[in-house]
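Let me begin by presenting the structure, written as structure tokens, before commenting on it.
Start at 1 and go down the list; that is how both ligands and their atoms are numbered.
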Amino acid sequence: MPYQTDARRKLTAFLQSHRGEALTAEEVAQGLADISPSTVYRNLNLLAESGDVIKSVRTDGRTVLWQWHERQACQGHLHLRCESCGRVIHLDGAVSEALKSEISSSSRFEVDMGSTEITGRCAKCRR
Ligand SMILES: [Zn+2]
Ligand SMILES: [Zn+2]
């Protein structure tokens with residue numbers, strides 16, 4: 001277990017309370033008023049490096065989004081990533097398994113569920 005600073009712990013707690021949401025660094029910093037934006041940004045990058053946070057870029061190519069990565073829970077399903085808003089959706093486990101076995105039988109390819117993302121557009125962005 002690496003040494004956790006107070007800022008990192010608060011940041012982790014904040015991201016976990018917003019699980020399922022992809023946030024900009026500004027939104028995260030606003031939610032953590034007692035931590036400087038530069039500390040928030042540095043720690044977001046550290047968490048992304050260790051795989052605790054998923055870092056993605058919105059289709060505008062500029063906005064970077066951060067989302068808590070549920071590693072343990074995410075081994076059993078695939079992820080859908082919206083290319084418009086950057087949101088990562090956790091696909092239902094049964095649907096994931098069905099896709100995995102379809103791919104396995106058609107291509108003899110074993111999908112690594114925890115690290116696989118299917119990109120496209122979410123329901124909200126299709127409206
Ligand atoms: Zn997941
Ligand atoms: Zn979207």
Side-chain angles (χ1 to χ4, degrees):
M1 196 66 189
Y3 172 70
Q4 285 219 334
T5 62
D6 196 41
R8 179 106 48 97
R9 217 178 47 241
K10 284 181 183 164
L11 176 60
T12 299
F14 179 81
L15 292 167
Q16 286 175 336
S17 72
H18 289 81
R19 58 189 71 210
E21 290 175 56
L23 304 166
T24 64
E26 291 72 36
E27 286 167 337
V28 176
Q30 274 165 21
L32 296 163
D34 54 337
I35 303 171
S36 74
S38 64
T39 303
V40 167
Y41 196 71
R42 183 162 37 89
N43 280 288
L44 282 172
N45 274 299
L46 289 170
L47 287 170
E49 275 169 32
S50 63
D52 291 316
V53 164
I54 303 168
K55 182 181 181 179
S56 59
V57 180
R58 218 175 250 169
T59 31
D60 63 12
R62 293 188 306 268
T63 315
V64 179
L65 298 165
W66 308 86
Q67 180 169 358
W68 184 253
H69 184 202
E70 220 90 24
R71 260 188 298 190
Q72 234 93 56
C74 284
Q75 290 310 311
H77 57 250
L78 298 166
H79 295 93
L80 309 178
R81 183 198 292 280
C82 176
E83 290 179 312
S84 296
C85 68
R87 171 181 276 265
V88 174
I89 296 155
H90 307 264
L91 192 61
D92 180 75
V95 178
S96 301
E97 281 296 340
L99 275 173
K100 183 182 177 174
S101 77
E102 283 291 329
I103 291 166
S104 171
S105 60
S106 70
S107 312
R108 297 171 62 203
F109 185 89
E110 190 191 0
V111 175
D112 176 358
M113 301 260 246
S115 66
T116 301
E117 283 179 359
I118 297 170
T119 52
R121 287 206 301 155
C122 77
K124 214 166 101 191
C125 293
R126 290 184 67 190
R127 281 206 295 263

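Under a 3.5 Å cut-off, the side chain of R121 and the backbone N or O of E83 do not form any donor-acceptor pair. T12 places a side-chain N or O within donor-acceptor distance of the main-chain N or O of R8, the cut-off being under 3.5 Å. Using a distance-only test at 3.5 Å, with no hydrogens or angles considered, no donor-acceptor pair links the side chain of H77 to the main chain of H90.
When the Zn ion (ligand 1) is compared with the N/O/S atoms of H90, atom ND1 turns out nearest.
Annotation: angle subtended at the Zn ion (ligand 2) by C82 SG and C85 SG is 110°, to 10°. Between SG of C125 and SG of C122, the angle at the Zn ion (ligand 2) works out to 110°, rounded to 10 degrees.
At least one N, O or S atom of H77, from either the backbone or the side chain, sits less than 2.8 Å from the Zn ion (ligand 1).
The local environment of CD in E102 is sparse, with at most 12 non-hydrogen atoms from other residues, nucleotides or ligands closer than 6.0 Å.
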